[in-house]
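Reviewing the structure listed below.
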Amino acid sequence: MDEDPPEAPEIDDDTVRGLVDWLEATARWLSEEHVVAQTYGHEISGESLENLRLYEDAALLFRETYDLP
């Protein structure tokens with residue numbers, strides 16, 4: 001095993017920002033869907049919560065990897 005993790009591929013800034021924007025927008029949308037569903041008495045599934053976390057974590061990963069604010 002190498003001592004350092006693999007390097008992230010070079011991706012232009014606009015593409016990285018576009019991906020982060022999309023991931024964060026999708027996470028916001030899913031979070032809002034959860035609120036609406038709960039107002040109608042629906043329980044949020046564990047799978048849906050995992051999906052929300054996945055979008056949030058992926059956006060954070062891109063932000064940290066590519067030094068975005």
Side-chain angles (χ1 to χ4, degrees):
M1 184 167 107
D2 293 335
E3 288 188 27
D4 295 320
E7 290 287 325
E10 288 190 32
I11 303 174
D12 65 88
D13 289 346
D14 288 340
T15 300
V16 174
R17 283 190 190 94
L19 287 169
V20 169
D21 289 347
W22 171 73
L23 290 163
E24 291 177 338
T26 303
R28 281 191 305 273
W29 175 84
L30 190 53
S31 181
E32 291 168 5
E33 285 291 304
H34 289 169
V35 170
V36 170
Q38 287 175 323
T39 63
Y40 288 101
H42 298 284
E43 190 171 320
I44 307 306
S45 72
E47 181 180 344
S48 187
L49 291 171
E50 287 176 22
N51 287 339
L52 173 59
R53 180 66 184 223
L54 177 66
Y55 285 107
E56 293 170 337
D57 288 348
L60 179 60
L61 175 70
F62 274 97
R63 282 188 173 285
E64 290 179 349
T65 300
Y66 293 97
D67 296 322
L68 296 180

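Start at 1 with the first residue, then count along the sequence. Atom set for the values below is all heavy atoms of this structure, side chains included, hydrogens, waters and symmetry mates excluded.
- Nearest approach of Y40 to V36, heavy atoms of both residues: CD1-O, 3.1 Å.
- Under the rule for a side chain to side chain donor-acceptor pair (under 3.5 Å), the partners of E24 that lie at least two apart in sequence or sit in another chain are R63.
- The CZ atom of R28 lies 14.0 Å from the CD atom of E33; values are rounded to the nearest 0.5 Å.
- The closest donor-acceptor contact from the side chain of S31 to the backbone of A27 lies at 3.5 Å or more, if one exists at all.
- The distance from atom CD1 of I11 to atom CZ of R17, rounded to the nearest 0.5 Å, is 12.5 Å.
- Contacts of L49 classified as side chain to side chain contact (heavy atoms under 4.5 Å, CB included), with partners at least two apart in sequence or in another chain: H34, I44.
- Atom CZ of R53 and atom CG of L30 lie 13.5 Å apart (nearest 0.5 Å).
- None of V16, T15, D21 except one satisfies the side-chain contact (heavy atoms from CB on, under 4.5 Å) rule with L19; the exception is T15.
- Aromatic ring pairs are classed by plane angle as parallel below 30°, tilted from 30° to 60° and perpendicular above 60°; the pair F62 and Y66 is parallel.
- No continuous path of ILVMFWY side-chain contacts below 4.5 Å connects L60 to V20, so the two sit in separate hydrophobic clusters.
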